[in-house]
Amino acid sequence: MTEMAHGTVLVQSGEAVLPRWWRTVDRGTIGCILALFAIGLLLGFAASPPLAERNGHPPFHYVTRQAFFGGMAMIGMLLVSMMPPHLVRRFAVVGFGAAFLSLLLLPIFGTDFGQGAVRWYSLGFASVQPSEFLKPLYMVTVAWMVAASQELAGPPGKRLSFALTLVIVGVLAMQPDFGQAALILMAWCVIYFVAGAPIILLMGVLALAGVAGVFFYNASEHFARRIDGFLSAEVAPNTQLAYAANAIREGGFFGAGLGEGAVKWTLPDAHTDFIIAVAAEEYGVLLVLVIIALFATIALRSFLRLLKERDPFIRLAGTGLVTLFAMQATINMGVAVRLLPAKGMTLPFVSYGGSSILATGLAMGMILAFTRARPQGDLADIFNKRGR
Amino acid sequence: MSGQRVPLRPLSRVIEARQKGESPDYIERENLRQRHEAERDKLRLRAEGRILVVALCFLLGFGAIGVRMGALAASEPQEPDTILANAVIQTGRADIVDRQGRIMATNLLTNALYAHPHEMVDPIAAAEGLVEIFPEMDYDRLVAQLTSERRFLWLRRSISPEQEQAVHDLGEPGLLFGPREIRLYPNGAIAAHVMGGASFGQEAVNAAEIVGVAGLEAQFDAQLRDPARAQNPLRLSLDLAIQSATEEVLASGMGLMNARGASAVLMDAHSGEVIALASLPDFDPNARPRPLTTGNDPSQSPLFNRAVQGVYELGSVFKVFTVAQALDLGMVTPETVIDTSSPLRIAGFNIRDFRDYGPRQTATEVIVHSSNIGTARIADEIGPDRQRMFLEDLGLLEPAPLEIVEARTGRPMIPARWERLSTMTISYGHGLSVSPLHLASGLAAMVNGGTRVTPSLIAQDQPPEAGQRVISEQTSTQINAMMRAVVDGGTASLAEVEGYEMGGKTGTADKPNPAGGYYEDRVIATFAGAFPMRDPKYVLIVTLDEPEIVALGETRRTAGWTAAPVAAEILRRVGPLLDMQPVIAPAVVSQLSSHIE
């Protein structure tokens, strides 16, 4: 758009930002996210009063906090979803650097809140868990590296990203936070898989993970106890797993009724890791099936949109982020029904946790930015029907 | 990549280009571009397929979870005797008795009530009958549960014999009883804070495990559950009759003085055995209340043990420690004259006396008249380091090692920087917060001849060895004489009980305002005493939270008017129970002390 004459008025071409955003963004996914967030608040009313009581707060202390952080997360998500992909990438890579640094500084400035693992920074009014923010930013960074390696004479991005992954996994395992470490390793594998990895190599990585698992099983009591709990056929009746399973049974399909649930009084993590058990007990499995459907819809819609994507970076970053999101949901719910070993993992948007919901909002914002409808490929490609 | 490598610069095309005068580099570039695009297309197609695989995996995962949830919800709760078939539930928790062998806690066999809905003859009638027996049950919900497909349902964890008979009379074969031992505290609220409470742990139809949740029950949980020791009751140092009398007097005193709370500790001055430990308001450990849901202050809960968990600035009772240390260091004698000219100005802070008794007083008068200025001057001579070491030797700077779990939380509050001003305020009991139990064991060391005692709730069969010496026997005798003089004509004259030779010290401390500073009209009033002063056997601490009484036409809050008479009344009641003979013509210990010197 060259200015032909000096002083002519600049006329903006194309639509305004907001209408274009509304036309191209995945509105169905936004709807699903808002529904999940609403359900999370509803469950907070049921699950968090016992905790608030134990900590000497007013009964709905945690619900108000969650509404506040959730509102911030929603705003953040919408803002991020309006950014063009290259801007998202730029911010994400810089943000990754910052998050990684703060992860490294945890042993010096962090606190463990008496839970045996140094994962948090205490800010007085709230605490921040850097690994929650690191995950989505890491995904984008890795996608950027791998996509770059597919360019002509590009850097060896795959090898670099693998090295980075190993470092992060190592740092997380030191905390110890094996759940997040495993999540990151698996997400990297998915990106590598989609980027065209030889199958044999992937098998090798999986075997390596298995060996590492055995090693930590022998080296860490914390880790071994959880695996043992999963492997034993009989569940000891006073474990979290048994309480969760019992709660789902008690609830049946239509729930025991509002406020009738008992599991929230016995489970220490009722508002985070086992929120789905509270949902099942008070509102019945029907609500749980709705939650599962919402997660599946978000994941599948995003994957289907990414299928058509021609830009390798957007394809990889989007896939990685959706994988992270869906995997976290699967693991959280899989633990509650004993399909997976117990692992402290929050249910995105539903569990209580400021860091978790803010980071998930950020990640969803990036997914929305990557899955916006945009022209794909060059006109010539389309005319020549290349690749189709 | 195809097996056949296509050259980037095919010779035929290069020759052709040269003939036309074009640069052959363009051919190479064009070929490179095409190769790269082909590669990208291949990668993209592969990625499409692989994303589809990933998406399918997740779909399968979500599906599996959904199916599993549905299956779980559709399954019925198992009867717990099958779940726990191989786990043995430990029953037969050992009793707890007082020092005379009277029962403080025992087990009672009751029944738990559960239902087998599939065996029921008439669930509707059963529900109607049950609602009549247990009015708190919800009829509609009960009908829904009893007519459902489930095969097992808990109804009540423990029921009384009357309720059991009434359920029998329903004649419903689907209602079943499981034997259930419950923990019973036959004395109700007496010594509630010491006992703590118990609840059920693992549960099955045929038994349930009792787990201690607070107090002694939690502290000795492992020992009480140990089957090898089930026949050996845990024998406490408490005396049920004395504990009961103490609580009764304390409660009426608390009512009379309109106090918010009160606590009392009666301790053997030589062995450290606690004979009575009371904290009001209290609760019934048979039905232990839930922790408070509103407000942030657990110390307002009846569960809060004011005598052990509550740390307060206890005021002038601390003067005993200051003067005792000065006597022991040889810095003063009871007759040394101290400068008490008012006010004492230090670091921009005025130290005043409640009442001015003139600019010069002896050390004994400093105690008897409770002079802040005199004590502060003595403490200034002692210095922060020696004062701190002395209080540490008395065990006043760490949680008291009493055998209830709550004792760990009674952590004394120590000034961040122990400086000259802190030393002077601590000398008269401000700036350092300790629990009444701390004060009792500290005072015991002052009066028993000068050796440290360790507080204990467990009866000791033989007298323990004397603890670490903190002051000399002579100092102990001197301080005893001073404390006797406080009761015999000093600030605590209302604590005099004829024949028992009570001695002690009062302390009236302004309560700190959470918003900063101190309240003008709210105090913690403490009487710290010992008896008989000729050779003290017992230490008695009485603390009242915000007492007020109108006497002689004035509203009185000071400990001399509030805590001291309550302590006297307690002594009047428990003295005979302690097998003590009142001395008919008591010798005045203050005269006695002059013989010794």
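A, B, ... follow the sequence lines: proteins, then strands. Residue 1 opens every chain. None of these values were measured; they are calculated from a predicted model. Values reported hereafter were calculated over all heavy atoms of this structure, with side chains retained and with hydrogens, waters and symmetry mates removed.
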Verdict with reasoning, B:Glu48 to A:Lys308, per side chain to side chain contact (heavy atoms under 4.5 Å, CB included) | CA-CA 8 Å; B:Glu48 263 181 39; A:Lys308 293 181 226 134; over 6 Å; no

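Using a 4.5 Å cut-off between heavy atoms, A:Thr323 contacts chain B through both its backbone and its side chain. For chain B, the nearby part of A:Val288 is the side chain; its heavy atoms alone come within less than 4.5 Å. For a residue to count as touching a neighbouring chain, one of its non-hydrogen atoms must lie under 4.5 Å from one of that chain's; by this rule B:Leu56 does not touch chain A. With a threshold of 4.5 angstrom between heavy atoms, A:Ala195 approaches chain B through N, CA, C or O but not through any side-chain atom. A:Thr319 touches chain B through its side chain: at least one heavy atom from C-beta onward sits under 4.5 Å away, while N, CA, C and O do not. Heavy atoms of A:Glu309 lying under 4.5 Å from chain B belong exclusively to its backbone. In this structure, the portions of A:Ile248 lying under 4.5 Å from any heavy atom of chain B include both its backbone and its side chain.
Without hydrogens or angle criteria, B:Arg44 side chain to A:Arg310 main chain gives no donor-acceptor distance under 3.5 Å.
What you find for A:Gly196 and B:Arg46 is that their closest heavy atoms are O-NH1, 2.9 Å. Minimum heavy-atom separation, B:Phe62 to A:Ile292: O-CG2, 3.7 Å. Residues B:Ala73 and A:Val285 come closest through the heavy atom pair CB-CG2, 3.1 Å.
Looking at A:Phe303 and B:Phe58, their side chains come closer than 4.5 Å, going by heavy atoms from C-beta outward. Annotation: side chain of A:Ile276 is in contact with side chain of B:Met69 (closest heavy-atom distance under 4.5 Å).
The environment of A:Ile199 atom CD1 is dense: over 12 non-hydrogen atoms of other residues, nucleotides or ligands sit within 6.0 angstrom. Few gaps surround CZ on B:Arg50; more than 12 heavy atoms of other groups in view lie less than 6.0 Å from it. Shown here is B:Met137, whose CE atom has more than 12 heavy atoms of other residues, nucleotides or ligands within 6.0 Å.
With respect to chain A, the highest number of heavy-atom pairs below 4.5 Å among B:Leu59, B:Val54, B:Ile51 belongs to B:Ile51. Comparing A:Leu300, A:Val322, A:Ile291, A:Leu289 by how many heavy-atom pairs each has under 4.5 Å with chain B, the most go to A:Leu300.
Contact annotation for residues 23-31 of chain B against chain A (heavy-atom separation below 4.5 Å): no residues qualify.
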